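To start, the structure under review is shown below, and the notes come after it.
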Amino acid sequence: MPGLVGRADQLDAWSATVRSFPSRSTFVEVVGEPGIGKTRLLAEFGATAAARGHRVVRGGGSEFEQEVPFGCFLGVFEELLTAGGDDPLVAAVVAGQPVSSVAAERHRIYRAVRRLLAAAGGGVLVLDDLHWADRASLELLSHLLRHPPACPLLVVGAYRPRQCPPRLAAAVAETAPGLERVRMEVGPLSEAEVAELLGRREGAALPRRLFLASGGNPFYLEVLRHLPTTWSSGPLPSWDGELPAPVLAALRRELVDLPAEALAVARAAAVVGDPVDPGLLPAVADLTEDAALTGLTTVVERDLVRPDEGRRSFRFRHPLVRGLVYRDSSAGWRLAAHHRARRALAARGGGPLTLAPHVLRSAAVGDLDAVVLLRRAATDVLDTSPATAVEWLRGALALLPLDSVPGWRLEILLMKTRALAMTGDLDKSRAILHDILASAPRRPLGLRAALVAQCALVERILGHYTTASGMLATELAEPALEREPDLSHPLRVELATVAALRGRFEQSQEVVAPLLDHADRAVATAAHAVLAIGGAHTGAMTQARESVERAAAGVDAMSDRELSRVLDAVGQLGWAETLLEQHVTARRHLERGLDLSRRFGQNQVVTYFLLGQCYAAVALGELTTAVELAEDAAESARLIASRPMTAMAYALRAGAELWLAGPESAAPWAERAVAATDRHTWWWDAAGGALTRVRLAQGRFAEARDLLADVLTGAASCMRPSWLALWGDIAMAGGDPAEARRSVSEAVAEATDLGLAGQRGNALISLARIDLVEGRPDRAGEAAREAAHALHGVGQPLTRARALVIAAEAALAVDDVAGAAEHVRQAKAIARERGATGLRPPVLDLERRLGARLPRPPETAAVATLTERERQIARLLAVGLSNKEIADRLVIAPRTVETHVTRVLRKLAIRSRAGVAQLLPDLDHR
């Protein structure tokens, strides 16, 4: 590859990036105007990285394939699969097969790509022309930049800044905190660099004229240098979406000079797309195979297209060339060529995803076969690339004649509203639904009821509870519907759900009362599920528990197909069970609901199930699982643009991180949760409560108090005991024991009345802490032990460990050293088993204090040889501290610790650090 001219700064920056790359993941932006040399620079970058032994995979966008799902990454996927990767989701995308039957969430494909990249050892991912990337590709790029694979990954992306779509701008702006970012601006060549590129002397007439005419743009220069004419003395105008006139004239001259069969091949290649499959050219160009081969040879010789390195395909020498060739062919010729491409691909067995782009550009109004194909293609990509589905459904609607098959237009419109909702464009989905309702006839009643219920669901997701409630109530009041009550159940269930979310439990009960003993058990189960979640929220626990039992029985009795009709009810049941502290049962129902939502393509409830599972996992102390579920839930919520659900995912992630690593790790997630939601909503309670716990752990008591005061103003009844206990913790930390005891006592009483053993145990921990501080260790120990017992009964191990820590503190205060040691042992075992590093500081402090209280045993000869510093380090080794933690504790260098550890192991004649703990009775615990 010949050397580059005028790009020394970019090449130096690239060399530095590649040298540091293996130690960290990096994203390099290469930005510049069309023709400025970005593609050439990327080729040089790839060659340099490959020469250093890095795997390089390439992909990129294309102007005329922006509706192809994951088009920017198809080449990357193929290389990863060829390199030995194996994933059915990615393989299905490459093969142009539907994946909705395999997975309903796009983020599962994103995670699969991360796994393939990790399996390949990372490497360098080069993506050109990102300004033309399809939406699915941009979402995947955003995911990779926010969640890089575990192995080092170097992503290089080139795009035109003036054509940068908002989603691309968001993707390159929102990267992972640890991801290194490098931005390279690629500007015009100077006059001297143009002369160097031409191999002429600077200042000579020809290089200067070429420089002025090209504006220093390498692509324009390359075109103009072969044009035997003169140019204006001034520089060319800046890019405005069209090629500058001299360049346009030069490129058109290349086409005018082509023989007829070569021009037809060039135009056919522009229709077929980059890369160009030569096997399609005879049919698309409407030539014989011999004529098409002759034409292809000519366009290759003229350097319009070039062989695709290592493949049996060709590419245009520059996207601008393809764009000109495509647009310079007549509209009629293009339409016929796309039709021929459609037939040729169909003869090869191409599926709807392969044919749809050509059908979209060639079908005429009234072509019902094209309508069917576009609708089928939209169905196939709905779950993985809903934005593409929207475009294909729009095309299908445009092809429908006025006297189309009854119901087709409505069916396609409804699918389009679903696709829009899945892209996060709920407002457009809502607008179409309202338009449909405005013109839809009153009959058939069942169809209209389903439409109103779907529209109300979108209003509910948007948080427009009053609007949703009004629509539903108005429809239910229709006399015709009152005469056919069996058709009203979708409306009743949705209205009851909205009422429950608004805290109007009595209204919810009244609305679904006629459905509780419905002959259709799916309907009855949905009604009981609404009452279960509504009762749990409002503290009507007797009703909630009864409804949970009835709903659970219905869910467990139904087949998968039957249950798929009421998946929203499964989510409501699972959430009600978590609020009632039935976490194991909740997890089972939520897992089944999630599986069914994927199998039956009901993407709208996926995030709800993921959040419920995450909530249960945190309660059950399954922290690693909770973090993974929170990541999936956040990604799923992000893809449907749901700020409240995103906030909930961040809040749950903060809760898991608080246990895993402490407040500093949890703080960013809790802060993002609060920023993503509005106050005085259920979602705000979760976000504000999470940040309150973090601020309390950070010692920022005033902020914690202010946050929790807002939460308590509208907290759901089922959560009040937790928030009241937390208020007591803040009051105690702020030096107000009277307020603390009042609030915590109220928390204990409310939790007892609600029958929530877990929340009662949590409140008893706070009460024990107050008793301990006020010098009542006996009462503190009793409350802490009662709390530990209650929390063990509902399967909340991490909160139980907190209770055991307080119980140990109380035991030490009354000189019950053996009892304290047992409580500490149990707490430490829970922390170790659950990976709860956040529990280590109080446990280690208790172990240290216990060690000082234990009788000093006689020294062995080996222990007697240790110096005082070595004894210090041996004690800390025995309780499990790492070298860095020991260095921080003793304020010495880690290397010094390492030297002492080596000496300790040698003197004690043991091989591993774990062996030190076994000699704990022989160590001096003073």
Side-chain angles (χ1 to χ4, degrees), residues 1-2 34-35 37 39-40 43 58 60-65 71 75 128-129 132 218-229 242-244 246-345 348 357-358 361-362:
M1 182 179 291
T39 299
R40 176 68 178 83
R58 296 174 173 84
S62 179
E63 181 180 7
F64 301 107
E65 280 79 44
D128 200 1
D129 292 324
W132 284 328
F219 175 74
Y220 301 167
L221 178 67
E222 180 63 24
V223 173
L224 293 173
R225 69 187 296 187
H226 300 295
L227 188 65
T229 185
E242 297 292 338
L243 286 170
V247 178
L248 193 60
L251 286 174
R252 283 185 170 143
R253 179 171 183 138
E254 290 187 65
L255 302 182
V256 169
D257 290 343
L258 284 175
E261 68 271 10
L263 181 59
V265 166
R267 288 173 172 171
V271 166
V272 169
D274 266 344
V276 179
D277 181 348
L280 290 171
L281 292 177
V284 179
D286 198 18
L287 297 172
T288 65
E289 289 191 12
D290 287 343
L293 181 60
T294 300
L296 178 61
T297 301
T298 301
V299 295
V300 170
E301 290 173 348
R302 299 287 185 92
D303 197 30
L304 288 171
V305 301
R306 297 170 177 173
D308 204 2
E309 186 177 347
R311 300 181 182 179
R312 188 182 169 275
S313 57
F314 297 82
R315 289 186 181 274
F316 280 88
R317 76 168 187 261
H318 196 281
L320 292 173
V321 176
R322 182 191 174 193
L324 174 70
V325 172
Y326 186 86
R327 293 188 181 93
D328 258 25
S329 57
S330 69
W333 190 93
R334 288 199 304 267
L335 188 149
H338 279 295
H339 185 71
R340 292 192 292 268
R342 168 187 173 182
R343 286 189 309 188
L345 288 166
R348 287 184 171 191
H358 296 289
R361 292 176 172 85
S362 64

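What's counted below: heavy atoms across the whole structure, side chains too, no hydrogens, waters or symmetry copies. FYI, the numbering just counts along the sequence from 1. Since we're looking at a predicted model, the values are computed, not measured.
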Donor-acceptor list for residues 264-280 side chains, cut-off 3.5 Å, not counting sequence neighbours:
unit_1 : atom_1 : unit_2 : atom_2 : d
D274   : OD1    : F316   : N      : 3.2
D277   : OD1    : G279   : N      : 2.9
D277   : OD2    : R348   : NH1    : 2.7
D277   : OD2    : R348   : NH2    : 3.3

(message) D290: which residues meet the side chain to side chain contact (heavy atoms under 4.5 Å, CB included) condition with it, sequence neighbours left out?
(response) T288
Excluding sequence neighbours, so at least two apart, what forms salt bridge (Lys or Arg N to Asp or Glu O under 4.0 Å) with [X]?
X    : answer
D308 : R315
R252 : D328
R317 : E254

Non-hydrogen side-chain atoms of [X] and [Y] separated by less than 4.5 Å:
X    : Y    : answer
L255 : L258 : yes
L320 : L251 : no
F219 : T39  : no

(request) Can you see which heavy atom on G35 is nearest to which on P218, and at what distance? (result) O-CD, 3.4 Å
(message) If you compare all heavy atoms of A262 against all heavy atoms of V299, which two are closest, and at what distance to 0.1 Å?
(response) O-CG1, 3.4 Å
Straight-line distance of [X] [atom1] to [Y] [atom2], nearest 0.5 Å:
X    : Y    : atom1 : atom2 : value
R343 : H338 : CZ    : NE2   : 14.0 Å
E63  : D129 : CD    : CG    : 9.5 Å
T298 : L293 : OG1   : CG    : 9.5 Å
L296 : E301 : CG    : CD    : 10.0 Å

(request) Tell me, please, which residues at least two apart from E289 pass side chain to side chain donor-acceptor pair (under 3.5 Å). (result) none
(request) Ignoring hydrogens and angles, tell me if any N or O in the side chain of R340 forms a donor-acceptor pair with the backbone of A285 under 3.5 Å. (result) no
